[in-house]
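We name chains A, B, ... by the order of the sequence lines, and we start the count at 1 in each one. It should be emphasised that the depicted structure is a prediction, and the values quoted were computed from it without experimental measurement.
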Amino acid sequence: MSNEMIVLTDVSLITCTVPRGNADTVVAAARAAGAQGASIQYGRGAGIRERLGIFSITVEAEKEIIQIMVSKQQQDDIFAAIYRAAKLDIPGMGLMFVTPLDRAATYISPQIKEKFASHGDSNDD
Amino acid sequence: MTNSPSTEKERTPCTPAKLIICTVPQGIGAEIVVQLYEQSEVINIQHSTARAQYAHDTNHDWQEVDILQVFVTEALADEVFKLMYELTNLHGEEGRYIYQVHLPKVTPFKLPLTRDLTSKEIPLEEVVSD
């Protein structure tokens, strides 16, 4: 089998920070909208909380940071699905942003490689 | 004395760079870090852990993963990306991926040389506070 490097272009990274415990719901919504996978890290929110006084207890400090690599075509659909699932229109529920990627690579099964190769051949005709 | 904005700008000699991030199954990240430092000239590597879910796993089970954030100069980005592709065995196994992001401004990162630290021959009495 060829070990030729296959690089994906036109991909973006969606990063979403939500209160701890909400990430599974967000990932489920993203996958339902077509996302291939996700990774979750833990963090702690800081900054604005110190200025909220007694109201700071209403904003969960412990956060989950979700990162999802998506194609440019899927980007808007998955972004919207996450926005709704994470309830980002409610104050204190989190933050989301998109980072354009230079390139990406992942495991591609032989079947998919073959499919793209044959598609390329047909385009050469 | 306060510094003017232009002086502050001169004091932060930032350069553009590339950030290459890879996600691999937990346990193999540490060895990749060692190999990257030995085989290439990266600026810095940050190693963290996370849990991840992949499309090939139809049960939607969560897996523990290592995440490596590798900072490199623009000139070396192609070389390091290819090296990371090989070290992560990306072409052969599922559950791992790699991507590259452009960073417009990165501060220089250098560790003090041990030689410089020891050449001063500071007596122990001076180091230990009273």
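At a 4.5 Å heavy-atom cutoff, B:Ile20 makes no contact with chain A through either its backbone or its side chain. There is no contact between A:Leu8 and chain B, counting heavy-atom distances below 4.5 Å. Of the atoms belonging to B:Thr49, it is backbone heavy atoms, and not side-chain ones, that fall under 4.5 Å from chain A. Only the backbone of B:Glu93 comes within less than 4.5 Å of a heavy atom in chain A; its side chain stays farther off. Heavy atoms closer than 4.5 Å to chain B are found nowhere in A:Val11, neither backbone nor side chain.
Expressed to the nearest 0.5 Å, how far NE2 of B:His102 lies from CG of A:Asp102 amounts to 7.5 Å. Here the CG-CD1 distance, from A:Leu101 to B:Ile98, works out to 11.5 Å after rounding to the nearest 0.5 Å. We find the CG-OG1 distance between B:Leu90 and A:Thr106 to be 5.5 Å, quoted to the nearest 0.5 Å. Between the CG atom in B:Asp78 and the CE atom in A:Met5 there is a gap of 7.5 Å [rounded to 0.5 Å]. If you take NE2 on B:His91 and CD1 on A:Ile108, they are separated by 12.5 Å, rounding to the nearest 0.5 Å.
Counting non-hydrogen atoms of other residues, nucleotides and ligands closer than 6.0 Å to NZ of A:Lys72 gives a total above 12. Few gaps surround CD on B:Glu74; more than 12 heavy atoms of other groups in view lie less than 6.0 Å from it.
No side-chain heavy atom of B:Asn89 sits under 4.5 Å from any side-chain heavy atom of A:Tyr107. Taking 4.5 Å as the limit, every side-chain heavy atom of A:Gln36 sits out of range of all side-chain heavy atoms of B:Tyr97. Using a 4.5 Å heavy-atom cutoff, the side chains of B:Arg51 and A:Ser39 are not in contact.
Comparing A:Thr99, A:Val27, A:Ile66 by heavy-atom pairs within less than 4.5 Å of chain B, the highest count is held by A:Val27. Counting heavy-atom pairs under 4.5 Å between each of A:Ala104, A:Pro100, A:Gly37, A:Ala38 and chain B puts A:Ala38 at the top. Most heavy-atom pairs under 4.5 Å with chain B, from the set A:Gln41, A:Gln67, A:Met69: that is A:Gln41.
The cluster map of Ile, Leu, Val, Met, Phe, Trp and Tyr, joined by side-chain heavy atoms under 4.5 Å apart, puts A:Ile82 and A:Val98 in the same cluster. By the criterion of side-chain heavy atoms lying less than 4.5 angstrom apart, applied directly or through intervening Ile, Leu, Val, Met, Phe, Trp or Tyr residues, A:Leu88 is grouped together with A:Ile40 in one hydrophobic cluster. Criterion: ILVMFWY side-chain heavy atoms under 4.5 Å apart, direct or through other members. Under it, A:Ile65 and A:Met96 are not part of a common hydrophobic cluster. Note: the hydrophobic cluster containing A:Leu95 does not contain A:Ile14 (ILVMFWY, side chain heavy atoms under 4.5 Å, direct or indirect links). Residues B:Val80 and B:Tyr37 share a hydrophobic cluster, clusters being chains of Ile/Leu/Val/Met/Phe/Trp/Tyr side chains in contact below 4.5 Å.
A:Arg103 forms no cation-pi arrangement with B:Tyr99, by the criterion of a distance under 6.0 Å to the ring centre and an angle within 45° of the ring axis.
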